[in-house]
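Report on one structure; see the data block that follows.
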Amino acid sequence: MDTKVVKIDKEQIDDEKLMEAAEILRAGGLVAFPTETVYGLGANALNEEAAKKIYAAKGRPSDNPLIAHISKPEELAPLVKEVPEAGKKLMEAYWPGPLTMIFPKSDIVPYGTTGGLETVAVRMPSDPVANRLIHLAKVPVAAPSANTSGRPSPTTAQHVWQDMNGRIEMILDGGPVGIGVESTIVDVSGEVPTLLRPGAVTMEMLEK
Ligand code: AMP
Ligand code: MG
């Protein structure tokens, strides 16, 4: 497969270019795109076959669950059974941004996305390209880092190209990304919110 690289100006996003990427996602293909943490490798999170392609392209073990990315808070409800109070507070404080939360999953989220778990990880990225792409795709987008498993997470489109060329349909080049650190993961599916992975949002910020 030929991997198409499309440059996107973050300051002036061209919806036409993003529509092409959104169509690929809707059709079950793979698109790498910038987020505020690292470059993500995106697929339709509601399509099990599409999620499988992420695991194949990355060489990622299929029991390692994916994070579903949404573009606005209203897109959370269809993916989860309930939004606990702690989840609501954290959403208000840190979405959009590098905070992932774990919720009990609804029936529309396939086990192929959650690694067989009854819970789903959801995040709303603040990067304007990521956010607009997900909005245009009209589906939640599963997106782990766009590198082969074991390699460093990519912060530029060139890094993604070196690793993923020929294995994915498109790379959206929005320039270097800021943080280079993965999202913080908090499990809000139980009684007490639990920090599962430290990241860009610190423990101190969460305790507040
Ligand atoms: P990333 O590698 O940044 O795509 O993040 C994926 C990581 O999020 C996984 O390796 C898990 O550690 C975590 N994760 C995703 N979904 C879940 C879930 N349902 N329950 C617990 N942890 C999860
Ligand atoms: Mg990673």
Side-chain angles (χ1 to χ4, degrees), residues 25 30-46 48 50-70 76 78-84 86-87 90 94-127 130 133-134 140-157 159-160 162-164 167-168 171 177-201 206:
L25 291 173
L30 300 182
V31 176
F33 60 93
T35 80
E36 70 274 29
T37 57
V38 300
Y39 268 76
L41 180 57
N44 180 351
L46 301 182
E48 198 144 32
K52 274 190 196 155
K53 290 183 193 170
I54 289 183
Y55 290 102
K58 282 180 62 76
R60 179 178 172 112
S62 62
D63 60 354
N64 188 348
L66 303 174
I67 297 170
H69 294 70
I70 59 176
L76 176 64
L79 307 181
V80 304
K81 285 224 165 84
E82 55 164 341
V83 181
L90 288 173
Y94 295 112
W95 279 7
L99 175 70
T100 297
M101 280 184 279
I102 311 291
F103 301 92
K105 83 170 194 67
S106 72
D107 292 340
I108 66 166
V109 181
Y111 290 112
T113 295
T114 68
L117 298 173
E118 294 296 339
T119 50
V120 60
V122 186
R123 173 167 109 78
M124 178 177 156
S126 63
D127 181 283
L133 173 65
I134 299 162
V141 177
S145 52
N147 52 283
T148 44
S149 274
R151 302 244 311 160
S153 295
T155 53
T156 65
H159 290 163
V160 179
Q162 283 160 15
D163 233 14
M164 289 291 155
R167 291 191 235 178
I168 65 179
I171 299 170
V177 298
I179 307 179
V181 173
E182 260 91 6
S183 64
T184 303
I185 304 181
V186 177
D187 187 347
V188 295
S189 69
E191 271 179 22
V192 183
T194 314
L195 180 69
L196 296 187
R197 176 173 82 181
V201 174
L206 292 172

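Whatever order the structure lists ligands and atoms in, that order sets their numbers, starting from 1. Worth saying up front: this structure is predicted, and the values here are computed from it rather than measured. Along the sequence shown, the residues carry numbers beginning at 1.
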R60 touching ligand 1 at heavy-atom level, < 4.0 angstrom: yes

In the protein, what heavy atom is nearest to atom 10 (O) of ligand 1, and what distance, to one decimal place, separates them? N64 OD1, 2.5 Å

So, the side chain of T184 versus the backbone of A200: is there a donor-acceptor pair under 3.5 Å, distance only? yes

Are the side chain of S106 and the backbone of L79 linked by a donor-acceptor contact shorter than 3.5 Å? yes

Just by distance, do the side chain of R167 and the backbone of K53 share a donor-acceptor pair under 3.5 Å? no

Distance filter under 4.0 Å to A121 heavy atoms, resulting ligand 1 atoms: 15 (C), 16 (N), 17 (C)

Decide, yes or no, whether a salt bridge links E36 with R123 under the criterion of side-chain N to carboxylate O below 4.0 Å. yes

Considering only the protein, which heavy-atom contact is closest to atom 14 (N) of ligand 1, and what is its distance? P65 CG, 3.7 Å

side-chain contact (heavy atoms from CB on, under 4.5 Å) partner of P144, chosen from V38, N64, L66: L66

So, is S153 placed with an N/O/S atom under 2.8 Å from the Mg ion (ligand 2), counting both backbone and side chain? no

Any donor and acceptor pair, going by atom type alone, linking the side chain of H69 with main-chain N or O of A142 inside 3.5 Å? no

Got a donor-acceptor contact below 3.5 angstrom from the S145 side chain to the N147 backbone? no

N/O separation below 3.5 Å, S145 to ligand 1: no

Among all the protein's non-hydrogen atoms, which is closest to atom 22 (N) of ligand 1, and how far away is it? I102 CD1, 3.7 Å

Counting from 1, what ligand 1 atoms have a heavy atom of L117 closer than 4.0 Å? 18 (C), 19 (N), 20 (N)

Any idea which atoms of ligand 1 are less than 4.0 Å away from a heavy-atom of P144? 4 (O)

Nearest-contact summary for atom 12 (O) of ligand 1 - protein heavy atom, Å: I185 CD1, 4.4 Å

With heavy atoms of L196 as the reference, note each atom of ligand 1 found under 4.0 Å away. 21 (C), 22 (N)

Min side-chain heavy-atom separation T155-H159 under 4.5 Å: yes

Test side-chain contact (heavy atoms from CB on, under 4.5 Å), reference F33, set V141, L41, L25, V160, output is V141

Could you check atom 1 (P) of ligand 1 against the protein and tell me its nearest heavy-atom contact, residue, atom and distance included? R197 NH1, 3.6 Å

Of all the non-hydrogen atoms in the protein, which one sits nearest to atom 19 (N) of ligand 1, and at what distance? T119 OG1, 3.0 Å

With a cut-off of 4.0 Å, which atoms of ligand 1 are near a heavy atom of E182? 3 (O)

